[in-house]
Amino acid sequence: MDLSKLNVVQREAVEITDGPLLVLAGAGSGKTRVLTHKIAYLIEEKDIFPSNILAITFTNKAAEEMKNRIEKLIGGKSVGLWMGTFHSMCLRILRRNANVIDYNSDFTIYDVADQNTVVKKAMKELNIDTKHLNPKHVRNIISMAKNEMISPEKFENLHKDDFKYFNYIKIYKKYQKTLKNNNSMDFDDLINNTIAILQKNSDVLSFYQRKFKYILIDEYQDTNYSQYLLALLLSGGYNNICAVGDSDQSIYKFRGADIRNIYEFEKDYENARIIKLEQNYRSTQTILDAANNVIKNNRSRKPKNLWTAKDSGEKIKYYNAYSEKEEAKYVLREIERYREKTYNEFAILYRTNAQSRVFEDVFLQNNIPYQMIGGLKFYERMEIKDILAYLKLIQNPVDNVSFERVINVPKRGIGKRSVEKLNEFANSRGLSLYESLLEIEDISTLSAKAIKLFIEFREIIRSIRSNLDTLNVLDVFDKVIEKTGYISDLILKDTIQDTTRIENVKELKSGIIDFVKSNEDDASLSNYLAVTTLQAGVDSMNDDSDGVLMLTLHSAKGLEFPNVFLVGMEENLFPSYMSSQTEEDLEEERRLCYVGITRAEERLFISHSSSRMLFGKTNRNQISRFIDEIPENLFDIDNSGNTHKTKINNYNNYNSYNAYKKNKSVKSSGDTKIDEGSKYSAGMKVKHKIFGNGTVIDSEKGVLTIAFEGKGIKKLMAGIVPIEIVG
DNA sequence: ATATTAGTTTTTTTT
DNA sequence: AAACTAATAT
């Protein structure tokens, strides 16, 4: 095994194979290289069977890439290696052992939209007004509880004295019961039910504990409690666990990720060894300086020293646009200016998916190829969800959520009231909706016409399900289209919208054809549904097609690009308004900024817009505090000889954020002189010149009262004046 | 049962 | 601005 391409520390991380090991890997420090070499080393040098290794990555794409790299290293002997996300690994265990927890192995996986449907239905049945209590919020509460391994019963015990939780308890109970009845699991259940199986059946536990002699987990800083517990359980046999992560890149708290997992690794695993990878091979010195200066503002952080041997490279480009459209045009100009060969050397990173729209518009208008990752996902379109719901129902007929979605699609005259009656019947007999169809003649409340329509639907499903186990997804798909008349209905309606829908269904079909081709070993309906629901945004990224990449900062984790645009760097947007209220949330936003900056290899572009449309209204946001945290001298210099950073100070609006506090020491920034009476963009006048050092003695309504040494007390508009806060 | 309309809500990030 | 929901008309 050739380890000569690794540095001393990386090699150490590879060669320590036994016992618990935590690799603290700074951004761009070659952790993928360590992981791939380590697995290759285990197979080649330690004669470990690939089937005895479990490697967990954050996305399926990362798993795929790593697998390819390992096969290159060892010459293609990785058959049997378990490599994938927590969710896909759990799915494999669940399909084999679902019976242990009284599930059928044909269970359906519910995505977030399905979850919301279940919550809404539960709330309706419990007579809880969705105006008073947002179903999405409830879904989040339930999911967070699950991430902490809190079952509905535990949840009730924990909160039974708190009246605020009264409804949550009821909904959570009903929600979980519905999932069980529908033979379905949500994302969190995939983890938790796997744990339940391992805890319930010691044979299964010891089977997997013996199987997985070596366990490696990437992105450990973004694991949640149940994932942590699962890793602990699985590694309980051999205790060979290698966790790799970077606490500065923990950005999934909203999904239950707990940064403490990485901080407390030593406590959780006795005799754990720790290795720090601190040399960055990705970015220029300038980019790294910017990143380090931003992240150092996080107070709850353990300091580390990330360095690079690269030279400083180009300075950071900065642009203040007046509108989001103009910002997009700026990005386009810069891409054309710097592009040498391909477009996929450029990535546009933003905080929210909604921001992609302007970029799409401008790029389309100018015929610039682009690839958008995530966002309004293909699988979330109405017609696609319809077809998928059919497929889910075919596979798992007790899935009532899918049943209700398709019962009247395309329109076949079955109305809301009839479905309600069917529901009542199903509930009273303890049957699923599809099972109730088998006894449809017994529902006395239904009209003869309704019964006839229900029977027609039943026969459609029955005919598609016949000989099901001899069919692959494509066969089932074709049958669904044929028997339901989905496409012929759209052709009949013939509006522009329906034409694009037909296109989308065709695209879905070609996706299924591709799937069947590349999954010859298991082209089943069940596998197709699982793979598509567990697919991450980046998993659909196509490395072969050339286009500017557009993706959220979250999706960009783990990726790198020669040129990175960090756009929409405005207060309330980034950091997000929702996440800037508490220090803890703000620190996570800052980590997100750190992730964004460290994606760049050669050039970093930072931009923001003075005005931005939100909910059909134009808003004005201040410049992101994160820009101010990057030292001025790292920014490019414009024609006027000023650094862009100076320009930022001048344009800064009043009402500056928390920097201006009482008793803070201030000093005027040396070279920027502001004349009395000059006007600035916000239409305000600067009242005074300021020089020297002083102390803020009061600040109200955007006016600072500063006592300057030897110059007396002056009142100034906060933010307009280029003053620095000291200390 | 379905089409139309008026009113309301949405955007934080995702396996 | 667009997408969803509830009420009303057909």
Side-chain angles (χ1 to χ4, degrees), chain A residues 56-63 84-91 109-113 115-116 120 130-131 134-136 139-140 143 146-147 185-191 219 222-224 226-227 250-257 324 349-358 361 373-377 379-382 407-420 447 449-450 453 493 497 530-539 551-557 568 572-581 585 588-589 591-593 595-596 612-619:
Chain A
I56 294 172
T57 55
F58 200 71
T59 62
N60 294 300
K61 183 179 156 65
T85 62
F86 265 106
H87 293 89
S88 54
M89 174 212 39
C90 286
L91 182 68
I109 304 168
Y110 280 173
D111 62 16
V112 178
Q115 292 181 57
N116 285 331
K120 267 189 221 159
T130 52
K131 284 234 167 71
N134 184 340
K136 284 177 188 163
R139 189 204 65 83
N140 194 250
S143 178
K146 288 186 171 191
N147 291 158
M185 300 187 192
D186 61 22
F187 289 126
D188 304 318
D189 285 343
L190 293 179
I191 315 290
E219 307 283 6
D222 276 322
T223 51
N224 63 30
S226 48
Q227 290 166 338
S250 176
I251 54 174
Y252 281 94
K253 180 172 160 250
F254 72 95
R255 223 172 72 181
E324 61 259 53
L349 310 186
Y350 36 77
R351 177 67 237 265
T352 66
N353 280 306
Q355 286 166 259
S356 67
R357 206 180 179 123
V358 213
D361 287 348
I373 312 292
L376 276 167
K377 285 180 207 106
Y379 292 103
E380 282 169 15
R381 284 176 211 172
M382 191 184 91
I407 181 66
N408 198 31
V409 176
K411 298 230 154 42
R412 46 173 75 91
I414 300 175
K416 228 169 97 185
R417 186 70 198 112
S418 302
V419 177
E420 258 171 48
S447 68
K449 190 186 151 213
L453 294 168
K493 284 200 258 174
Q497 212 177 21
V531 167
T532 49
T533 29
L534 293 184
Q535 196 166 58
V538 283
D539 294 343
L551 61 168
T552 62
L553 288 153
H554 281 88
S555 304
K557 188 175 78 158
N572 298 326
L573 186 62
F574 190 33
S576 153
Y577 174 74
M578 312 286 287
S579 299
S580 48
Q581 305 310 109
D585 285 348
E588 176 137 325
E589 292 287 298
R591 289 194 290 271
L592 194 54
C593 183
V595 167
R612 184 174 296 274
M613 187 89 99
L614 188 73
F615 302 146
K617 267 187 185 162
T618 304
N619 290 63

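No experiment lies behind these values; they were computed from the predicted model shown. Sequence lines set the chain letters: A, B, ... in the order given, protein chains first and strands last, and positions in each chain run from 1.
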Note: for Asp188(A) and Asn134(A) on DNA chain B, the residue whose nearest nucleotide lies more 5' is Asn134(A)
Contact class for Ser555(A) (heavy atom, under 4.0 Å): base, sugar-phosphate, or nothing?
sugar-phosphate
Under 4.0 Å between any heavy atoms, over every strand shown, what does Thr352(A) touch: base, sugar-phosphate, or nothing? Just pick one.
sugar-phosphate
Sequence neighbours excluded, which residues qualify as salt bridge (Lys or Arg N to Asp or Glu O under 4.0 Å) partners of Asp361(A)?
none
The side-chain contact (heavy atoms from CB on, under 4.5 Å) partners of Asp189(A) (sequence neighbours excluded) come to Lys146(A), Gln176(A), Leu179(A), Met185(A), Asp186(A), Asn193(A)
When all nucleic acid strands are considered with a 4.0 Å heavy-atom cut-off, which category describes Lys449(A): base, sugar-phosphate, or nothing?
nothing
Of all residues at least two apart in sequence or in a different chain, which pass the salt bridge (Lys or Arg N to Asp or Glu O under 4.0 Å) check with Lys120(A)?
none
Can you give me the N/O atom pairs linking the protein to nucleotides 2-7 of chain C at distances under 3.5 Å, or say none if there are none?
| unit_1 | atom_1 | unit_2 | atom_2 | d |
| --- | --- | --- | --- | --- |
| dT5(C) | OP1 | Lys120(A) | NZ | 3.4 |

Arg255(A): what forms a salt bridge (Lys or Arg N to Asp or Glu O under 4.0 Å) with it, not counting sequence neighbours?
none
Just call it for Asp111(A): base, sugar-phosphate, or nothing, with non-hydrogen atoms closer than 4.0 Å on any strand.
nothing
Is the CZ atom of Arg357(A) crowded by more than 12 outside heavy atoms at less than 6.0 Å?
no
Scan Leu614(A) against the nucleic acid and name what it touches under 4.0 Å (heavy atoms): base, sugar-phosphate only, or nothing.
base
Taking only residues two or more places apart in sequence, or in another chain, which ones meet Val419(A) in a side-chain contact (heavy atoms from CB on, under 4.5 Å)?
Glu404(A), Ile407(A), Ile414(A), Asn423(A)
So Tyr577(A), base contact, sugar-phosphate only, or nothing? Heavy-atom distance under 4.0 Å.
nothing
Does Asn408(A) reach the main-chain N or O of Gly415(A) with its side chain, forming a donor-acceptor pair under 3.5 Å?
no
Assign Thr533(A) to base, sugar-phosphate, or nothing according to its heavy-atom contacts below 4.0 angstrom with the strands shown.
nothing
For chain A and DNA chain B, what are the first and last nucleotides along the strand, 5' to 3', with at least one atom under 4.0 angstrom from a heavy atom of the protein chain?
dA1(B) to dT15(B)
Sequence neighbours left out, what passes ring pair (Phe, Tyr, Trp, His ring centres under 6.0 Å) with Tyr252(A)? Give chain and number order.
Phe58(A), Phe254(A), His554(A)
Once salt bridge (Lys or Arg N to Asp or Glu O under 4.0 Å) is applied, do any residues pair with Asp111(A), and if so which ones, sequence neighbours excluded?
none
